[in-house]
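Below you'll find the structure, written out as structure tokens, and then a few comments.
Numbered from 1 within each chain, the chains take letters A, B, ... in sequence-line order. All of these numbers come straight from a predicted model, not from anything done at the bench. What's counted below: heavy atoms across the whole structure, side chains too, no hydrogens, waters or symmetry copies.
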Amino acid sequence: MKETKIWQEMGLTDTEYQLILDGLGREPNYVELGMFSVMWSEHCSYKHSRKALKMFPTTGERVLQGPGENAGVVDIGDELAVCFKIESHNHPSAIEPYQGAATGVGGIIRDILAMGARPVALLNSLRFGSLDNPRVRHLFSGVVAGIGGYGNCIGIPTVGGELYFNSCYEDNPLVNAMCVGLVNKNNLMKGWATGVGNLVILVGASTGRDGIHGVTFASEELSEASEKKRPSVQVGDPFMEKLLVEACLELIENNYLVGLQDLGGAGLTCATSETASRAGTGMEIDLDRVPLREKNLTPYEIMLSESQERMLLIVEPSKESKVMEVCHRWGLKATTIGRVTDDQILKVYQDRKIVAEVPARMLAEEAPIYSPLALEPAYIKEISDFNLDKLPEIVDANRVLLALLSSPTIASKEWVYGQYDYMVRTSTVIHPGSDAAVIRIRDTHKGLALTTDCNSLYTYLDPYVGGMIAVAEAARNIVCSGARPLAVTDCLNFGNPEKPEIFWQFQKAIEGMSEACRVLQAPVVGGNVSFYNERNGSPIYPTPTVGMVGLLENVDKRCTQAFKKQGDIIVLLGNSYNELGGSQYLLQVHHLVKGKPPALSLEQEKALQENLYQAISQGVINSAHDLSEGGLAVALAECCISGGLGAKVVLKKEDLRVDALLFGESQSRVIVSIKSAGIPALWQLAQKNGLEVNAIGYVGGESLTIKVDDREWINLTIKEIEQSWKNTIAKLMS
Amino acid sequence: MKFGVIVFPGSNCDLDAYHLVKDVLRKPVEYIWHQQNSLKGYDCLILPGGFSYGDYLRCGAIARFSPIMQEVVEFANRGGLVLGICNGFQILTEAGLLPGVLLRNQDLKFYCQFVHLKVENVNTPFTNFIEPQKILKIPIAHGDGNYYIDEKGLNSLLEKKQVIFRYATAEGVVSDEANPNGALFNIAGVISEKGNVLGMMPHPERAGETLLGSTDGLFIFQSLLNYLEKL
Amino acid sequence: MLYKVKIVVMPRKGILDPQGQAVAKALDTMDYKGINSVRIGKHLEMELEGENQQIVEETVKEMCEKLLANTVIEDYRFTIEEA
């Protein structure tokens, strides 16, 4: 083994190999080395990110479980808790889009199940290159079909998410899947192998050769060679997972389980070593008992297989037969493969011989922690040098508005979410297409607001401000739907962290996000890091996707973006500035990636959200929509389209440029529509919260017209606007 | 008056049908596991939507061989009311309780959206509460809802007034543009010759509460209650 | 005796085959010209114990009629050989 340095092929460095030698006091055998290589991969060990992740605030009075378990858990009252997590499946989706995305969904559902929760909603954050490229269209349609194929079959509604197109994702698309579950607090499970003598039961699919070294694959850059690694990609079986969900929930409900863990990345190695390590116990498993899909799998293959739809149960011996009975009724194979021991060692047997013997903790917890070098990339200075005064003034605002509305990043996403069953479970009360989706919680008055957000153009220009904005925008979306933010799960998609410029982006983004999470009182309760998102050395924009969950105390108080009533007054909350850096206007119209992202004052943001939340709770507000990509004009158009109503708007120019006023993306702004009788109440609230509010027009007619002072800049019928916006993606895909 | 919701492995709208009957109609309802083999005491059976047995091989093909299906056939032959929704409709055609088949959607994509239905026959146990000319707004969510039957079969269906729902515009115009999946003659739902077994692709159980966006599905359930009360 | 059975299930003539049409269209846009039609069916392989070929044949026919094909829209054919 020493001669060939086989550990290098498995992705371990010489120093890491030395650590293994020191820890074991001997040379590892081939199986053991394989187990170390997957558990010490970036994907499982977070060796490059762990230190930086410590910056996140992770506690709060409602937080029942922060990072470290399979998913975060937050108390929502009524003896209930919400459990959620987001995870990436970028590399598998780049190789085989349908199965890559489908198994991404399957994996995140099992994470939620492992906490004892019933999965009730799915979201996705997706990013691709330009749809003009046929290969991108192939990836995009495959990913959407894969997400739908899995979610629709298993019967969990896909209620929301986001979709961006940018050439930086051309060869490295991002597929981040989020799952949300509900659990009775008494039924919360943990992935702990407690109780010496307790049995270890493997339930679900049989084990095959698929996905071996999947985590190592996820921990390196994509290249021509990775195309050949196709066997690493697993195939999903949503029907099997549906049975697994029902069976596990029944086992939990009957109190038959001591611990529960999903098998995902690094398969059986990860599930056994993590459960034992968390509990401070050891474990013996017998590979002869593991049901196999093909004959003659080696111990190495069995321990590293990432076959999907498997769960590990820790069960008291007296309950073994009852567990088997439930699994059998659901048509699932369940096999006792080992037991919990007290020696903290993971022992793996085959043919009655020990094939691996490693301290569980060493695998699960003792990977080296790195402090990579961070250096500000040279591009930051270059692109931030941008003089707005040199940008030509806008000529035809109508044309610009239609161009923005028909750009795939802003256009309607119905082509995507129409392929997802977003209604199953009959609890989705705000459908995809508004600021945040809302699901009701049966047998209570409550609802959950769900969103994912990240504008990676901002994080590219300034990762710190961009990170803050990702959190602030998610929270703003939650508040626009009538809820209060509860907590965050994040999916940090970056390039190769061993490059100092990438690690600088990573650190700065986390700093910004942490600051925003603290001020907006939304702690981070879990998430995932995806590094090495590069193709042939060229990295994606830093993309720290924020998944956020909010709570509505009364689901009848929910709010959508659609204008509701002729004659309602349109009010702009917040201030507009001369900001165009990082805007879609600059990108789509002037083809520039320049400047600084819009500034964000977290105090202003907090005041805005507090004000909006109170106004919606008081029932003053008829619609609310956050201003994001495309600015005020695009937001107004979206309110009109979704309500099927026009609007007449008059803006004051003051010292602003017209393009910045119409299409700038200044932060901490929301458009609301209200009955005129509600004006005094809203003004009073705004005064109390120190918030700028301006009545800018009223709902009515069949057109959207926007005047700046005396000059009319926008005059388009809702039909024209809708046509530009509605069918862009469908047309590009047909 | 008792409803039964049949649960196959892979059913996933069983919960929705159950809750509609229990919480909205406020009538007794029970889940019936596919391995059960008695249907005593039920007045109406619902075969819910979902992906029974993963919809592997063909939608509904494997579910029809579940032990409970023999009982369902006998229940139907005795005149019992059976409502098959989406996957339930597919199972009923596979089991031969309803004519025709459901093929892949014409453009091969799954569609989740609200559609409008023209009601072709209001003299059935499932539609008697619906005013003639009323257009129902009810969602669909399927990948295999493209109804097909040969010409002879279609003529027979029309003659016997077995076509119950057709995809239409909000104004009630039956047109290609209103047809989401390529179904022959825009057929969204058909009834058995005896009039006691209805299969439909749209999900009436998803249109039973204002907060879900429509309550038009209740017309179908209200018709059922009406019919059962008069028995 | 062990037999190897290969079964082909095809959509019946005249039945719309959207998958086949989609593939035909894709091939055409990839510049494979002259394709008159594409139809997509299923190919099943199974190993089956049976007393003799005739009994196996009857069993397989029954399987096809009952489950493997929907004879309203699909035809089937199969071959049997000793394994």
Considering residues, nucleotides and ligands other than [X], do more than 12 of their heavy atoms fall under 6.0 Å from its [atom1]?
X	atom1	answer
Glu253(A)	CD	no
Gln70(B)	CD	no
Lys109(B)	NZ	yes
Lys565(A)	NZ	no
Lys719(A)	NZ	no
Lys413(A)	NZ	yes

Roughly how far, to the nearest 0.5 Å, is [atom2] of [Y] from [atom1] of [X]?
X	Y	atom1	atom2	result
Tyr417(A)	Gln113(B)	OH	CD	10.5 Å
Gln419(A)	Cys112(B)	CD	SG	11.0 Å
His19(B)	Arg442(A)	NE2	CZ	4.0 Å
Asn12(B)	Cys153(A)	CG	SG	7.5 Å
Leu211(B)	Asp556(A)	CG	CG	7.0 Å
Asp421(A)	Phe110(B)	CG	CZ	4.5 Å

Heavy-atom closest pair (Leu212(B) atom, Ser427(A) atom, distance to 0.1 Å) is CD2-N, 4.3 Å

Between Trp33(B) and Arg329(A), the two heavy atoms sitting closest are CZ2-O, 3.5 Å

Which bit of [X] is near chain B, if near means a heavy-atom gap under 4.5 Å: side chain, backbone, both or neither?
X	value
Ser141(A)	neither
Arg558(A)	side chain
Tyr420(A)	backbone
Ile154(A)	backbone

Under 4.5 Å to a heavy atom of chain A? For Tyr53(B) that would be both

Q. Do Ser52(B) and Phe239(A) come close enough that some side-chain heavy atom pair is under 4.5 Å?
A. no

Ranked by heavy-atom pairs below 4.5 Å to chain B, first place among Val144(A), Asp237(A), Ile156(A) goes to Asp237(A)

Residue from Arg425(A), His431(A), Lys242(A) scoring the most non-hydrogen pairs under 4.5 Å with chain B is Arg425(A)

Would you please test Glu209(B) and Arg440(A) for side-chain contact (heavy atoms from CB on, under 4.5 Å) and show each step? CA-CA 12 Å; Glu209(B) 293 171 83; Arg440(A) 65 158 157 194; 2.9 Å; yes

Practice prompt. Kindly determine whether Val424(A) and Arg206(B) satisfy side-chain contact (heavy atoms from CB on, under 4.5 Å), including the steps that lead there.
Written response: CA-CA 8 Å; Val424(A) 63; Arg206(B) 294 185 182 189; 3.4 Å; yes

